[in-house]
Visitor: 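Before I ask anything, let me first share the structure, which is written out below as structure tokens.
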Amino acid sequence: MRDFESYKDFMEKCSHCSYCEATCPVYLEDLLETHVARARMELIRAVLVDEEMPVTDRFKEIIDRCLLCTNCRQTCPVNVPVEEIVIAARNKLYKGKRMGMIKRKLLKQIMENRGISGAMGKLSSIAKVAGVKNIPDIPSKSFDDQYEAGTYPPEGEVRAKVVYYAGCATNTMFPETGDIVMKVLKKNGIEVVIPEGLSCCGIPAISEGDLNTASEMIKRNIEVLSKTDTDIIITDCTSCGMTFKEKVVNSLDVDDEFKEKAIAVSMKFREITEYLMDIGLTEKIKPVKEKVTYHVPCHRGWSETVSDAPRKLMEMIPDLTVVEMEHPEKCCGAGGAFFMENKELSEGIRSKKTGEIKQTGASILITQCPSCRSYIGNSSDNDLKIMHPLNLLLLK
Amino acid sequence: MINLGKDLSRLLSKDKVKTDPEDLYSYASDSIRYYAKNNPDAVILPSSAEDVSTVIKYANKNSIPVTPRGAGSGLAGGCVPVDGGIVLDMKRMNSIVEVNRGNMTAITEAGTVLSNFHRAVEKENLFYPPDPQSMSVCTLGGNIATRAGGPRGVKYGTTGNYVLGLEFVLPDGEIINTGGTCVKNSVGYDITHLMTGSEGTLGVITKVISRLIPLPPCKKTIIVGCKTAELAAQIVSTITANGAVPAMLEYISQGATGFLNSYIKTPLISEMEAYLFLELDGIESQIENEANKIRSICKDLGVSDIRVIEDAKEAKSYWDARSKLQPILQSFFKKLIVEDVTVPRDKFPELIRALPEISAATGLLVGAAGHAGDGNVHPSVLLGEVNDETNKKSEEAVDMIINEAISLGGCISGEHGIGLHKSAYLEKSIGKRQVELLKQIKKAIDPDGIMNPGKIWTREAK
């Protein structure tokens with residue numbers, strides 16, 4: 001994420017066409033044009049570039065009320081990087097201090113540990129029991145607890161070798177997804193390297209506009225990942241994928257010594273489902289007698305196949321019935337931690353999503369995004385099972 | 001002393017009234033940024049015709065201008081609040097009240113987004129053809145107010161052909177219903193179609209009764225590369241003269257093809273002076289018949305690049321790219337002046353021929369991309385730099401485009417409406433007496449002139 005100044009030309013690129021009205025989840029909730037990308041771009045220019053309008057609480061609210069879901073950018077005929085401009089505007093407005101000091105320190109600690117685990121995990125469970133809402137369940141054993149750093153050989157002949165980057169959410173909220181990734185890779189002849197010393201991809205800090213912390217995490221990861229010797233780095237999380245693919249390189253200065261290494265690492269990133277659909281499965285696929293529907297993660301713009309791959313995989317599974325919901329690409333309202341500060345807005349967005357899911361009659365919701373899995377899972381409809389596409393290969 | 005925000009919040013609810021400077025700033029223009037002159041003084045988001053009526057009564061009593069607004073995706077400045085006042089954002093009134101299969105009609109609120117409406121009627125195997133390229137966001141109310149159209153105009157006509165009735169709020173706040181769900185209606189003056197194209201100057205459309213037709217079961221996309229613009233024009237007129245009527249027949253000039261290539265799998269060839277995008281629809285045998293006819297016309301005229309796209313996903317990529325063309329050009333150039341002149345279909349080649357001459361005379365880029373099949377080809381003036389000289393030259397180019405179209409028996413707007421953009425040319429297009437008639441009608445319906453002032457005709461011409 002470059003500094004604010006370097007985005008001025010990108011803002012000028014907005015043609016004012018209004019096509020972003022079609023997909024912005026925040027705008028679609030209250031239908032007020034101020035909250036759509038076209039107006040955000042104009043306002044950011046008027047307030048922070050031309051300074052013809054003052055910074056007000058309302059302006060801050062408009063900048064804060066963005067999920068950074070990138071749907072506007074994907075709809076934009078000229079690909080204006082709206083979410084990066086909003087992040088840069090947050091950085092200029094708050095200088096990385098949008099949250100209070102305690103929250104910032106806590107977030108940094110979580111990022112360094114790749115998620116909430118250990119004592120903090122217990123604390124969050126206590127808080128949940130005590131009635132603090134919106135805190136996801138934290139399993140007692142993290143992915144790191146189950147899989148130490150090292151090389152994991154596959155069953156049979158080695159077809160390929162990959163590095164597995166398990167992000168914060170997989171590490172501590174959904175360690176079973178990490179376990180499934182490991183098992184599927186193993187069964188399909190792929191050797192897996194888990195490196196030592198990884199951090200969060202940086203997206204929580206990026207979203208806050210806290211680019212210093214983000215760049216700390218990014219540099220740590222690049223240092224670790226560039227020492228590995230595979231051509232492919234796997235992620236199961238579409239947001240980690242987006243960060244490594246699009247944001248990491250952008251976040252470094254042109255003359256940064258890490259730049260070259262960062263580009264090399266970034267090029268290697270693949271989402272697990274699309275990787276497997278490319279390389280092919282050798283293990284026989286077991287039938288699954290279920291009806292499923294696929295929620296496409298918002299952070300999909302970094303790869304052309306990341307949303308086709310799960311559909312391809314589902315087609316390959318015998319007995320599986322796949323029903324598309326009306327707007328599979330529409331955001332669920334989570335936006336990382338956005339839902340915690342924008343409860344009403346996020347719940348409104350989520351209820352539309354869950355309504356569409358219900359209409360399909362599916363018993364399982366498939367999506368690669370852990371944030372969506374957690375947030376949709378915390379809605380009142382408890383009959384729905386929610387899982388990563390890879391889970392379908394190991395369903396009992 | 002009136003306090004708009006306070007008064008209207010009391011009359012409606014607080015959530016429907018916005019007066020923060022940031023909100024007002026966001027409602028100052030439509031798709032063309034340079035039309036923005038003034039912010040409104042309040043933005044109102046009504047949820048019923050009664051809300052609209054309440055606002056209008058208040059505005060009437062206090063002589064406050066009211067500018068209705070759909071998606072703000074217009075290209076003529078029609079929803080720009082030139083005198084400030086109230087902007088009525090109609091997008092929260094978006095219910096599809098009824099899709100009646102038996103009668104092949106639908107009733108919708110005016111803020112319904114067109115593509116949502118398309119999906120709803122197509123689920124019932126019915127078809128609502130109008131397809132402005134902003135259909136993913138534009139509203140039915142806005143479409144009716146501007147008599148919007150799109151590529152399918154060539155076979156199916158524009159919005160005006162599908163309006164059977166309206167509910168609208170008169171400038172005194174009274175809610176009235178015109179027309180109805182009958183497909184025939186010969187009762188008195190046709191107020192429904194007077195409102196259609198009235199650009200918010202006669203009242204606020206709140207509900208729409210639309211005529212629907214059966215959904216064509218099949219479609220096919222054909223892409224034709226033309227070595228010369230002349231050849232493209234010749235193909236278009238030969239197709240029309242041979243009785244083949246594609247659902248869409250779009251003309252893309254050489255300068256624009258490069259911009260579309262990033263969206264298309266098999267790139268358009270840059271040496272071609274023009275491309276034609278065609279879609280045929282109907283029953284399979286009819287499509288085959290028309291496709292063969294078009295193929296043989298193209299072959300006879302020596303076309304080498306003709307692509308019949310069988311894959312639906314690939315076909316969609318061409319049409320998606322086409323729908324993005326105007327925003328792409330607008331982003332790339334410092335200023336884009338999109339004209340909307342329409343000429344009789346058989347005069348389309350002559351209009352195309354005139355554009356290079358206009359370009360040469362003014363030294364500016366003058367391109368065309370639009371609906372060749374119905375003579376509405378959107379000649380555009382593209383400026384790389386904006387200064388006094390280029391502005392003056394662009395005015396000359398626009399003058400020439402308009403004079404050429406009128407001399408060919410054309411009109412100054414086919415589907416965008418007049419708004420601010422073409423008001424200076426109104427008299428040239430329809431004559432002094434008709435402009436006077438328009439003003440008399442306006443005076444009869446909106447005597448105090450509160451509804452969308454400053455549009456359709458210029459004030460100087462008063």
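Side chains included, hydrogens not; waters and symmetry mates left out as well; all remaining heavy atoms used. This structure is a prediction, so every number in the text was calculated from the model and none was measured. Chain A is the first sequence line, chain B the second, and so forth, proteins listed ahead of strands; every chain is numbered from 1.
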Visitor: In terms of heavy-atom proximity below 4.5 Å to chain A, should B:K334 be classed as side chain, backbone, both, or neither?
Guide: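 When you check distances to chain A, no heavy atom of B:K334 falls under 4.5 Å.
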Visitor: Identify whether the distance between the nearest side-chain nitrogen and carboxylate oxygen of A:K343 and A:E347 falls below 4.0 Å.
Guide: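 Looking at A:E347 together with A:K343, the answer is yes, because their closest N to O distance falls below 4.0 Å.
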Visitor: Give, as side chain, backbone, both or neither, the part of A:R40 having an atom under 4.5 angstrom from any heavy atom of chain B.
Guide: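 No part of it gets close to chain B.
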Visitor: Of all of B:S136, B:A71, B:S73, B:S262, which one pairs up most often with chain A through heavy atoms under 4.5 Å apart?
Guide: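 Counting heavy-atom pairs under 4.5 Å, the top option is B:A71.
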Visitor: Between B:K91 and B:E109, does any NZ, NE, NH1 or NH2 come within less than 4.0 Å of an OD or OE carboxylate oxygen?
Guide: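 No.
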Visitor: Select one option (side chain, backbone, both, neither) describing which atoms of B:N94 are under 4.5 Å from chain A's heavy atoms.
Guide: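 Only the side chain of B:N94 comes within 4.5 Å of chain A.
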Visitor: Please classify the contact between A:L31 and chain B as side chain, backbone, both or neither, with a heavy-atom cut-off of under 4.5 Å.
Guide: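 Contact with chain B involves both backbone and side-chain atoms of A:L31.
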Visitor: Go through the structure and list residues passing salt bridge (Lys or Arg N to Asp or Glu O under 4.0 Å) with A:K13, not counting sequence neighbours.
Guide: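 Testing A:K13 for salt bridge (Lys or Arg N to Asp or Glu O under 4.0 Å), a comparison that skips the adjacent residues, returns none.
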Visitor: Considering only NZ, NE, NH1 and NH2 on the basic side and carboxylate oxygens on the acidic side, decide whether B:D89 and B:K18 come within less than 4.0 Å.
Guide: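 No salt bridge links B:D89 with B:K18.
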Visitor: Regarding A:E61 and A:R58, does a basic nitrogen lie under 4.0 Å from an acidic carboxylate oxygen?
Guide: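 Looking at A:E61 and A:R58, the cut-off is met.
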Visitor: Quick test of your reading of the model: are A:D64 and A:R98 salt-bridged, counting only N-O distances below 4.0 Å?
Guide: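 Counted as a salt bridge, because a side-chain N and a carboxylate O are separated by less than 4.0 Å.
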Visitor: Strictly less than 4.5 Å between heavy atoms, which residues of residues 110-117 of chain B line up against chain A? Please order them by number.
Guide: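 Not one residue of residues 110-117 of chain B has a heavy atom under 4.5 Å from chain A.
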Visitor: Before accepting this row, confirm whether a basic side-chain N of the pair B:K313/B:D311 lies closer than 4.0 Å to the acidic partner's carboxylate O.
Guide: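 No salt bridge links B:K313 with B:D311.
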Visitor: Under 4.5 Å heavy-atom distance to chain A, tell me which part of B:D20 shows up: side chain, backbone, both or neither.
Guide: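 For B:D20, the side chain is the part near chain A, not the backbone.
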Visitor: Any carboxylate oxygen within less than 4.0 angstrom of a Lys/Arg side-chain nitrogen, looking at A:R65 and A:D30?
Guide: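 A:D30 and A:R65: salt-bridged.
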Visitor: As an exercise: rank B:K324, B:R33, B:R92 by heavy-atom pairs under 4.5 Å with chain A and give me the winner.
Guide: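 Going by pairs under 4.5 Å, I would pick B:R33.
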Visitor: Quick check on B:I328 against chain A: is it the side chain, the backbone, both or neither that has a heavy atom closer than 4.5 Å?
Guide: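 When you check distances to chain A, atoms from both the backbone and side chain of B:I328 fall under 4.5 Å.
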Visitor: Under 3.5 Å, is there a donor on one side chain and an acceptor on the other for A:H295 and A:E356?
Guide: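 Not at all, the side chains of A:H295 and A:E356 share no donor-acceptor pair under 3.5 Å.
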Visitor: Taking the six-membered ring of B:Y34 as reference, does the NZ or CZ atom of B:K335 fall below 6.0 Å from its centre and within a 45° cone about the axis?
Guide: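 So B:K335 does make the cation-pi contact.
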Visitor: Please classify the contact of B:Y263 with chain A as side chain, backbone, both or neither, using a heavy-atom distance under 4.5 Å.
Guide: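 The side chain, not the backbone.
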